[in-house]
Amino acid sequence: MSFTLHGITVSSGIAIGHAHLISRTSLEVAHYVLPKQFIDEEIARFDAALQATRNEFASLRSNRPTRAAAEFDAFLELHQMILDDPLLSVTPREMIASEHCNAEWALKVQTEALVSQFDEFEDAYLRERQTDVKQVAERLLKQLLGQYGHQLPTARHDVEMILVAHDLSPADLIQFKPHQYAAFVTDVGGATSHTAIVARSLDTPCVVGLRHARELIREDDLLILDGEQGVLIINPDKPILAEYKLRQSEWELERKKLKRLRTARADTLDGTAIELLANIEKPEDVAEVREHGATGIGLFRSEFLFLNRDVLPNEEEQFEAYRTVAAGMDGQPVTIRTFDLGADKQIKGAERVANNPALGLRAIRMCLAEPQLFRTQLRAALRASHYGNVKILIPMLSSISELNQTLQFVAAAKQDLDAEGIPYDREVKIGGMIEIPAAALALNVFAKKLDFLSIGTNDLIQYTLAIDRTDEDVAHLYDPLHPAVLYLLAHIISTAGRFGVPVSVCGEMAGELPYTRLLLGFGLRQFSMFSAQVPSIKQRVLTTSLPEIANLTQKILRTDDPMKIRDLLHRLNA
Ligand code: PEP
Ligand code: MG
């Protein structure tokens, strides 16, 4: 039966492919229905993973440090007992046999059932033991995934697949990066959540906030994702499928044409040079930056080096990552944002639960609270500055004392490097993200002390309108055209101009066509976005005359009727 679901567009494009469902908890696993003849093999695979996990415990026990605390033995014993309990070692085998599902899925479902039983215990100690069950199950699951990993590409990559999940964290999505899914869809999430941002960076169509997709869609259902309209069509009729195949090839043709602009300068019709920079998450993204013709990196979200890891990257590893990017960009600017950890980007194993994560210990607040973490990063970034044109960008500044402390950290890191005789760029520029209304309104103080500014519209909108960017229930209220947002944007750009401090926008607005002329009209000359968005924004810049848009943009700024703002914007883009 064909049916349609509506969600929030996150990354445009059209994808046609078969559904691939993943489960809803932290370690995402796939669900396969196996042909009968493979069931014995699957059970044997489960048994082998069990044995490998037992061996792992045995080796932990024999290699434990001699001075290890007695608790270590007790902990190992407990985990071994949990592993050998029939509820974990036998029930999943039975599920594989009766439901013909893959071993990972059986284990996952059984773990979830067990964990939910623990929730009902009154005794806090017993309730807490669910963590042990989860840890043992994850160990076993990792063994299974390790064994399965090499089979995944050949088994599933002959057809286009669309990943269907209840939710995906930014870390999950990064993990799926190498698997080349044609599209991602999720039940929850807002358009500027970090998950959405990662999907966009993968240049993969994505729709979030579909609410019940994960329940309604079956493994292997044929799906059409219309990333323009935010629509997902499940098991389409033949004429619809034919229509979308046509639209998909038209879309791809258009993108190919735009790519020809790669080496063109981004000048407006009146000859004003506009800088189009790229946002990246990993050193590997540099190739795409070059491919799409961005002239530098306006935002390197360095915290992505931390996600999906048990061991945090040390100074050497970070230095290598930053140096690779700096050298790879051949003298073009590389803006390393210091860690924006917290809220929806948590270090694995050190997740903090906060009442209001977006208002809590995030970004520069977290770095100042974890001096060692911050020092290490600053040293690594400064060392990399010797190999290219590195700038350092501080996220989420809200008070001048945070900025002062940060500048002291930078000065101390420089002093240490001097003392050790390690080279770095002495003129390295320090910039601040303006993404909290307080910083926007008190910009004078920040502009005096910083070398450059970058407007994080995703957070600026979130914090101005008090709308959680990850919550699909309030996604309809997330409005870049709200008069308060427009006022702040114009205010930041003109104040930066008065102080002679370069300013860019690196939030999603910078890569969205409807806003390009508006931001140009406000005086913006630097935009930073995902590489794949550069060609279409460049085309818009090339067809814009600044004198011609001046009146209309000022009129938009003076208007407070939302409908009128939209009408005027429409005229601006006509
Ligand atoms: C922003 O807030 O606009 C931004 C660019 O940073 P992030 O999306 O990583 O919070
Ligand atoms: Mg931000």
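By convention here, the first residue in the shown sequence is residue 1. Remember, it's 1-based here, ligands and their atoms both numbered in the order they're listed.
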Would you mind checking if Arg301 and Asp285 are paired as a salt bridge, meaning a charged N to carboxylate O distance below 4.0 Å? no
So does Glu512 pair up with Arg540, basic N to acidic O under 4.0 Å? no
Within rounding of 10°, what is the angle whose vertex is the Mg ion (ligand 2) and whose arms end at OE1 of Glu435 and OD2 of Asp459? 90°
Give a yes or no on whether a salt bridge exists between Glu315 and Arg375, defined as a side-chain N under 4.0 angstrom from a carboxylate O. no
What class does the angle between the rings of Tyr181 and His20 fall in, given that below 30° is parallel, 30 to 60° is tilted and above 60° is perpendicular? parallel
Find all protein N or O atoms under 3.5 angstrom from an N or O atom of ligand 1 and list the pairs with distances, or write 'none'.
{"unit_1": "ligand 1", "atom_1": "2 (O)", "unit_2": "Glu435", "atom_2": "OE1", "d": "3.0"}
{"unit_1": "ligand 1", "atom_1": "2 (O)", "unit_2": "Asp459", "atom_2": "N", "d": "3.0"}
{"unit_1": "ligand 1", "atom_1": "2 (O)", "unit_2": "Asp459", "atom_2": "OD2", "d": "3.0"}
{"unit_1": "ligand 1", "atom_1": "3 (O)", "unit_2": "Gly456", "atom_2": "O", "d": "3.4"}
{"unit_1": "ligand 1", "atom_1": "3 (O)", "unit_2": "Thr457", "atom_2": "N", "d": "3.1"}
{"unit_1": "ligand 1", "atom_1": "3 (O)", "unit_2": "Asn458", "atom_2": "N", "d": "2.8"}
{"unit_1": "ligand 1", "atom_1": "3 (O)", "unit_2": "Asn458", "atom_2": "ND2", "d": "3.2"}
{"unit_1": "ligand 1", "atom_1": "6 (O)", "unit_2": "Arg337", "atom_2": "NH1", "d": "2.9"}
{"unit_1": "ligand 1", "atom_1": "8 (O)", "unit_2": "Arg301", "atom_2": "NH2", "d": "2.9"}
{"unit_1": "ligand 1", "atom_1": "8 (O)", "unit_2": "Asn458", "atom_2": "ND2", "d": "2.9"}
{"unit_1": "ligand 1", "atom_1": "8 (O)", "unit_2": "Arg469", "atom_2": "NH2", "d": "2.7"}
{"unit_1": "ligand 1", "atom_1": "9 (O)", "unit_2": "His194", "atom_2": "NE2", "d": "3.0"}
{"unit_1": "ligand 1", "atom_1": "9 (O)", "unit_2": "Arg301", "atom_2": "NE", "d": "2.8"}
{"unit_1": "ligand 1", "atom_1": "9 (O)", "unit_2": "Arg301", "atom_2": "NH2", "d": "3.3"}
{"unit_1": "ligand 1", "atom_1": "9 (O)", "unit_2": "Arg337", "atom_2": "NH1", "d": "3.1"}
{"unit_1": "ligand 1", "atom_1": "9 (O)", "unit_2": "Arg337", "atom_2": "NH2", "d": "2.9"}
{"unit_1": "ligand 1", "atom_1": "10 (O)", "unit_2": "His194", "atom_2": "NE2", "d": "3.1"}
{"unit_1": "ligand 1", "atom_1": "10 (O)", "unit_2": "Arg362", "atom_2": "NH2", "d": "3.1"}
{"unit_1": "ligand 1", "atom_1": "10 (O)", "unit_2": "Asp459", "atom_2": "OD2", "d": "2.9"}
{"unit_1": "ligand 1", "atom_1": "10 (O)", "unit_2": "Arg469", "atom_2": "NH1", "d": "3.0"}

Before accepting this row, confirm whether a basic side-chain N of the pair Arg566/Asp561 lies closer than 4.0 Å to the acidic partner's carboxylate O. no
Looking at Glu320 and Arg323, is there a salt bridge between them, counting it only when a charged N and a carboxylate O are closer than 4.0 Å? yes
